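Step one of this worksheet: look at the structure below.
Note that these values count all heavy atoms, side chains included, but never hydrogens, waters or copies made by symmetry. Not measured: the values here are computed from a predicted model.
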Amino acid sequence: MAGRGTVKAQSGFNANNDAETLFKAMKGLGTDEATILQLLTARSNAQRQQIKAAYKTLHGKDLVNDLKSELGGKFESLIVALMATPVMFDVTSLRNAIKGAGTKENVLIEILASRTQNEIREIIKTYKQEYGHDLEKDVTGDTSGHFKNMLVILLQASRQQGVQEGNIQSDAQALFDAGEKKFGTDEDQFITILGNRSAEHLRRVFDAYMKLSGYQIEESIQRETSGHLRDVLLAVVKCARSVPAYFAECLYKSMKGAGTDDATLIRIMVSRSEIDLLDIRAEFRKSFATSLHNMIKNDTSGDYRKTLLLLCGGDDA
């Protein structure tokens with residue numbers, strides 16, 4: 001998977017030069033947005049961190065604060081997101097999803113279902129350092145029922161490794177017995193199996209489940225569960241099948257119909273830009289009657305659009 005991002009490190013990188021360029025772009029009357037967005041999308045996240053440090057050393061000021069005071073709206077949110085380290089971006093996204101009025105369950109689901117075990121562990125550690133809270137405690141204080149239990153399992157970051165050949169059939173049978181075969185649903189079985197098996201093991205289980213029941217596991221989850229539990233189980237199943245396909249669908253949903261879910265659009269474009277955005281683009285083109293580039297172009301405007309299209313990196317028309 002390495003190197004399937006659209007954003008690459010710049011060769012011949014010089015943090016001091018970049019810091020100066022950004023300083024000049026914000027100095028005096030008016031802001032040179034074009035310079036800012038072109039520079040920052042052409043550097044890796046690690047390089048942006050070095051620019052941040054150089055800016056403080058050269059000017060005694062915080063680059064992100066200066067950007068915030070010069071920019072506005074969705075464009076500002078996107079640029080500020082690009083300046084955070086990947087783990088801090090996830091941590092602040094989770095924190096904002098939990099605190100305040102109403103929980104943004106879709107953010108909890110998207111991050112906890114899609115990140116690797118190591119990423120989850122890093123998130124938990126950084127969350128604690130940053131806020132002095134246990135992420136798990138904050139999540140459980142804000143959610144309930146089977147949905148809460150599933151999130152707790154995902155936060156354990158202890159999926160089994162590899163494929164347990166001996167358990168494929170029995171896992172498929174257990175899922176069938178827990179749902180389609182009985183009146184009512186045994187949610188705990190779904191949670192335990194989908195929360196603890198590896199992606200490759202689950203893909204084999206889904207095939208066995210199809211043979212056994214005549215249904216795709218997604219169809220059964222749609223029928224047998226509801227609400228946020230259904231959403232998190234479907235996200236886990238989709239990520240087990242293909243993380244890029246899952247994100248392609250999330251991006252499509254964020255833009256289709258009236259209005260745009262800009263928070264989701266920003267979160268995915270930024271967090272996947274150095275991981276698998278090329279694969280996400282390919283999946284998007286395969287699943288929907290348009291390219292990611294085209295949909296962003298039609299759904300956004302101004303410097304915000306320019307920055308997103310640079311992150312997208314190309315059109316798969």
Side-chain angles (χ1 to χ4, degrees), residues 5-7 21-22 25-26 29-45 48-49 51-52 55 62-111 114 247-275 277 280-281 284 288 290-315:
T6 50
V7 172
T21 302
L22 291 171
M26 292 187 280
L29 277 175
T31 305
D32 179 359
E33 287 91 355
T35 294
I36 294 170
L37 69 88
Q38 281 160 10
L39 190 150
L40 292 176
T41 52
R43 307 291 182 273
S44 67
N45 190 281
R48 289 182 216 125
Q49 304 314 315
I51 297 169
K52 226 192 281 187
Y55 192 90
D62 185 273
L63 174 56
V64 176
N65 288 345
D66 281 1
L67 287 164
K68 280 180 179 168
S69 69
E70 294 291 327
L71 312 174
K74 294 177 280 201
F75 177 50
E76 177 193 324
S77 303
L78 177 53
I79 293 293
V80 168
L82 285 169
M83 294 308 300
T85 63
V87 67
M88 265 315 290
F89 186 48
D90 279 350
V91 162
T92 47
S93 298
L94 289 167
R95 179 70 172 166
N96 294 336
I98 294 166
K99 79 180 204 338
T103 307
K104 298 183 183 70
E105 286 85 1
N106 68 312
V107 179
L108 301 182
I109 291 168
E110 180 202 298
I111 293 176
S114 67
F247 281 121
E249 189 187 334
C250 292
L251 282 168
Y252 181 74
K253 282 183 179 158
S254 78
M255 291 182 279
K256 83 170 181 8
T260 306
D261 175 358
D262 292 292
T264 295
L265 180 54
I266 290 171
R267 201 169 49 249
I268 297 175
M269 293 299 290
V270 170
S271 64
R272 308 315 289 187
S273 60
E274 290 182 52
I275 300 176
L277 196 47
I280 292 170
R281 268 172 42 189
F284 195 98
F288 308 108
T290 183
S291 66
L292 177 57
H293 190 279
N294 202 36
M295 199 157 182
I296 291 170
K297 199 171 86 182
N298 292 332
D299 223 62
T300 58
S301 63
D303 293 319
Y304 176 55
R305 168 164 66 187
K306 285 179 196 158
T307 311
L308 286 170
L309 291 177
L310 284 169
L311 290 175
C312 183
D315 195 354

For [X], side chain to side chain donor-acceptor pair (under 3.5 Å) partners two or more places apart:
| X | value |
| --- | --- |
| D303 | none |
| K52 | Q49 |
| R43 | Q10, D18 |
| Q38 | none |

Does any part of the side chain of [Y], heavy atoms only, come nearer than 4.5 Å to the side chain of [X], both counted from C-beta?
| X | Y | answer |
| --- | --- | --- |
| L251 | I296 | no |
| S254 | I268 | no |
| T41 | V7 | no |
| I36 | T307 | no |
| T6 | R272 | no |
| L292 | Y252 | no |

Walk me through it: do K297 and L309 pass the test side-chain contact (heavy atoms from CB on, under 4.5 Å)?
CA-CA 7 Å; K297 199 171 86 182; L309 291 177; 4.2 Å; yes

Could you list all the salt bridge (Lys or Arg N to Asp or Glu O under 4.0 Å) pairs where at least one residue sits in residues 29-41, not counting sequence neighbours?
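Salt bridge (Lys or Arg N to Asp or Glu O under 4.0 Å) check on residues 29-41 returns no pairs.
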
Residues that [X] engages under side chain to side chain contact (heavy atoms under 4.5 Å, CB included), provided they are two or more places apart:
| X | value |
| --- | --- |
| T260 | M255, D262, L265, D299 |
| D315 | S291, H293, A317 |
| S301 | none |

Which pair of non-hydrogen atoms, one from [X] and one from [Y], has the smallest distance, and what is that distance?
| X | Y | answer |
| --- | --- | --- |
| F284 | T290 | CD2-O, 3.6 Å |
| S114 | F247 | OG-CZ, 3.3 Å |
| S273 | V270 | OG-O, 2.9 Å |
| S93 | I111 | CB-CD1, 3.8 Å |

Pairwise distance [atom1]([X]) to [atom2]([Y]) - rounded to 0.5 angstrom:
| X | Y | atom1 | atom2 | value |
| --- | --- | --- | --- | --- |
| F288 | E249 | CZ | CD | 5.5 Å |
| M295 | L308 | CE | CG | 13.0 Å |
| K104 | L94 | NZ | CG | 12.0 Å |

List in chain and number order the residues that pass salt bridge (charged side-chain N to carboxylate O under 4.0 Å, His left out) with E105, two or more places apart in sequence or in another chain; answer none if no residue qualifies.
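Salt bridge (charged side-chain N to carboxylate O under 4.0 Å, His left out) list for E105, sorted by chain: empty.
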
Which residues share a salt bridge (charged side-chain N to carboxylate O under 4.0 Å, His left out) with K256, sequence neighbours left out:
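If we apply the salt bridge (charged side-chain N to carboxylate O under 4.0 Å, His left out) test to K256, skipping adjacent residues, there are no hits.
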
Carefully, step by step, assess R267 and N106 under the rule side-chain contact (heavy atoms from CB on, under 4.5 Å).
CA-CA 12 Å; R267 201 169 49 249; N106 68 312; 4.0 Å; yes

Using a 3.5 Å cut-off and no angle test, enumerate the donor-acceptor pairs between side-chain atoms of residues 66-74 and protein atoms at least two apart in sequence or in another chain.
unit_1, atom_1, unit_2, atom_2, d
D66, OD2, Y55, OH, 2.7
S69, OG, D66, O, 2.9
E70, OE1, T31, OG1, 2.6

In sequence, state the C-alpha distance, the side-chain angles, and the governing distance for L108 and I98, and then conclude on side-chain contact (heavy atoms from CB on, under 4.5 Å).
CA-CA 8 Å; L108 301 182; I98 294 166; 3.9 Å; yes

Contacts under 3.5 angstrom, residues 81-92 side chains, donor-acceptor by atom type, not counting sequence neighbours:
unit_1, atom_1, unit_2, atom_2, d
T85, OG1, M88, N, 3.2
D90, OD1, R115, NH2, 2.8
D90, OD2, R115, NE, 2.8
T92, OG1, M88, O, 2.8
T92, OG1, F89, O, 3.1

